[in-house]
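These numbers come from the heavy atoms of this one structure, side chains and all, not from hydrogens, waters or symmetry mates.
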Amino acid sequence: MKNKKAMYALSYGLFVLTAREGERDNGCIINTAMQVTDEPNRIVVAVNKVHRTHEMVLAAGEFTLSILAEDAPFSIYQRFGFQSGREVDKFAGFKSVERGENGILRLTEGINAWLACRVVSTMDLDSHTLFLADVVDGDVTSAVPSVTYAYYQSHVKPKPQVAPAPAGKKRWVCKVCGYIYEGDVLPADFICPICKHPASDFEELS
């Protein structure tokens with residue numbers, strides 16, 4: 001492993017998880033990654049099953065985690081958080097990437113560290129899979145602090161510009177991508193059609 005300090009960049013933040021299957025690369029933003037042990041260097045990540053990247057990690061048994069920093073441009077969130085990898089090639093025309101020794105693309109812009117990981121075991125958590133993985137390589141690329149979820153909410157995510165809801169209707173906004181749901185109630189099993197996050201990631205607009 002190039003730099004064990006890369007593990008220190010893990011926080012309650014946002015990460016771009018990338019994987020490769022055959023000739024296809026894909027990536028998605030996740031918000032759950034934490035260190036489990038130091039010897040061996042081992043982490044755990046949770047990945048939503050709706051993502052194409054989830055299927056790739058299951059098939060290949062490895063992934064790369066790019067740890068987003070506070071200076072990450074909003075275009076990274078748009079590319080890896082708001083568009084489906086089933087419909088488009090997320091890396092098409094995107095130059096801020098390089099292929100690691102494991103063959104998987106990783107970000108070179110807007111991150112402060114990266115970790116190349118090999119899956120040890122999995123646990124089914126209904127909507128997500130928990131991947132326990134050994135960190136086989138990693139490096140620090142910047143001293144900029146890791147972006148936390150709170151930082152993203154306060155400083156990165158665009159504020160929704162919406163008109164008042166019609167009489168008798170309410171509106172909820174996805175805290176991840178800004179999608180607006182309108183109705184009488186927000187169904188408990190609702191899934192955001194843009195970023196695929198659950199109803200628990202929505203908040204009611206006043």
Side-chain angles (χ1 to χ4, degrees), residues 1-20 25-36 41 43-48 50-54 56-57 62-85 88-100 102 104-117 128 130-131 133 135-159 174-179 192 194-198 201:
M1 184 168 172
K2 293 182 177 69
N3 192 336
K4 285 197 172 188
K5 289 184 179 180
M7 297 280 284
Y8 300 159
L10 286 175
S11 63
Y12 290 101
L14 296 169
F15 318 88
V16 174
L17 182 143
T18 52
R20 182 174 176 82
D25 291 278
N26 204 32
C28 63
I29 288 181
I30 65 171
N31 61 8
T32 303
M34 61 184 296
Q35 183 175 353
V36 178
N41 290 311
I43 67 171
V44 64
V45 299
V47 186
N48 195 311
V50 302
H51 294 306
R52 178 72 178 93
T53 313
H54 170 272
M56 292 180 167
V57 175
E62 57 184 352
F63 61 88
T64 294
L65 200 65
S66 297
I67 302 169
L68 291 175
E70 289 182 352
D71 62 355
F74 189 66
S75 59
I76 289 179
Y77 298 96
Q78 291 176 306
R79 180 177 293 264
F80 296 101
F82 304 161
Q83 65 179 1
S84 171
V88 298
D89 178 0
K90 293 188 179 182
F91 294 97
F94 190 58
K95 298 180 180 179
S96 299
V97 289
E98 63 184 9
R99 198 170 295 285
N102 61 2
I104 301 173
L105 288 174
R106 61 177 178 241
L107 273 63
T108 59
E109 176 188 15
I111 68 170
N112 58 20
W114 59 266
L115 302 170
C117 305
H128 290 65
L130 204 64
F131 292 98
V135 178
V136 297
D137 199 4
D139 201 7
V140 174
T141 62
S142 166
V144 178
S146 299
V147 64
T148 63
Y149 200 62
Y151 184 91
Y152 171 80
Q153 291 291 326
S154 300
H155 299 90
V156 180
K157 189 187 77 170
K159 305 303 179 191
C174 176
K175 295 186 289 185
V176 178
C177 71
Y179 173 80
C192 179
I194 304 299
C195 68
K196 311 304 182 186
H197 279 247
D201 284 327

Are any non-hydrogen side-chain atoms of Y151 and L14 less than 4.5 angstrom apart? no
Check step by step if side chain to side chain contact (heavy atoms under 4.5 Å, CB included) holds for W114 and F15. CA-CA 9 Å; W114 59 266; F15 318 88; over 6 Å; no
Rounding to 0.5 Å, atoms CD (Q153) and NZ (K175) come to a distance of 6.5 Å
Rounded to the nearest 0.5 Å, what's the gap from CG on N41 to SG on C117? Could you check? 9.5 Å
For side chain to side chain contact (heavy atoms under 4.5 Å, CB included), just list the numbers for T108 and T141, CA-CA rounded to whole Å, side-chain angles, deciding distance to a tenth of an Å, and then say yes or no. CA-CA 8 Å; T108 59; T141 62; over 6 Å; no
Which heavy atom of A72 sits nearest a heavy atom of Y77, and at what distance? O-CE1, 3.9 Å
Partner residues of F131 under the ring pair (Phe, Tyr, Trp, His ring centres under 6.0 Å) criterion, sequence neighbours left out: H54
Stepwise, does the side chain to side chain contact (heavy atoms under 4.5 Å, CB included) test hold for F91 with T18? CA-CA 11 Å; F91 294 97; T18 52; 3.8 Å; yes
Counterpart residues, side chain to side chain donor-acceptor pair (under 3.5 Å), relative to H197 (two or more places apart): D201
Heavy-atom side-chain contact between L65 and V135 under 4.5 Å: no
Any residue meeting side chain to side chain contact (heavy atoms under 4.5 Å, CB included) with T32, in chain and number order, not counting sequence neighbours: A46
Rounded to the nearest 0.5 Å, what separates atom CD1 in I29 from atom CG in N48? 13.0 Å
When rounded to the nearest 0.5 angstrom, what distance separates CZ in R52 from SG in C28? 11.5 Å
For R79 versus A92, what's the shortest heavy-atom pair and its separation? NH1-O, 3.4 Å
Side chain to side chain contact (heavy atoms under 4.5 Å, CB included) filter on N102, not counting sequence neighbours, yields E62, T64, I104, A116
Using side chain to side chain contact (heavy atoms under 4.5 Å, CB included), reason through D25 and R99 one step at a time and then give a plain yes or no. CA-CA 10 Å; D25 291 278; R99 198 170 295 285; 3.1 Å; yes
Counterpart residues, side chain to side chain donor-acceptor pair (under 3.5 Å), relative to S96 (two or more places apart): E109
State which residues pass ring pair (Phe, Tyr, Trp, His ring centres under 6.0 Å) with F94; sequence neighbours excluded, sorted by chain then number. F80
Any residue meeting side chain to side chain contact (heavy atoms under 4.5 Å, CB included) with V44, in chain and number order, not counting sequence neighbours: M34, V36, L130, L132
Applying ring pair (Phe, Tyr, Trp, His ring centres under 6.0 Å), name anything that partners Y179, two or more places apart in sequence or on another chain. none
So CG of L17 and CG of N31: to nearest 0.5 Å the spacing works out to 12.0 Å
Which residues share a side chain to side chain donor-acceptor pair (under 3.5 Å) with N112, sequence neighbours left out: S146
R106: salt bridge (charged side-chain N to carboxylate O under 4.0 Å, His left out) partners, not counting sequence neighbours: E98
Using the test side chain to side chain donor-acceptor pair (under 3.5 Å), find all partners of T53 that sit at least two apart in sequence or belong to another chain. N26
Beyond-backbone contact of V47 with V57, side-chain heavy atoms, under 4.5 angstrom: no
Measure the shortest side-chain to side-chain distance between V16 and I111 over non-hydrogen atoms and say whether it is less than 4.5 angstrom. no
Taken in chain and number order and not counting sequence neighbours, the residues that satisfy side chain to side chain contact (heavy atoms under 4.5 Å, CB included) with P145 are E70
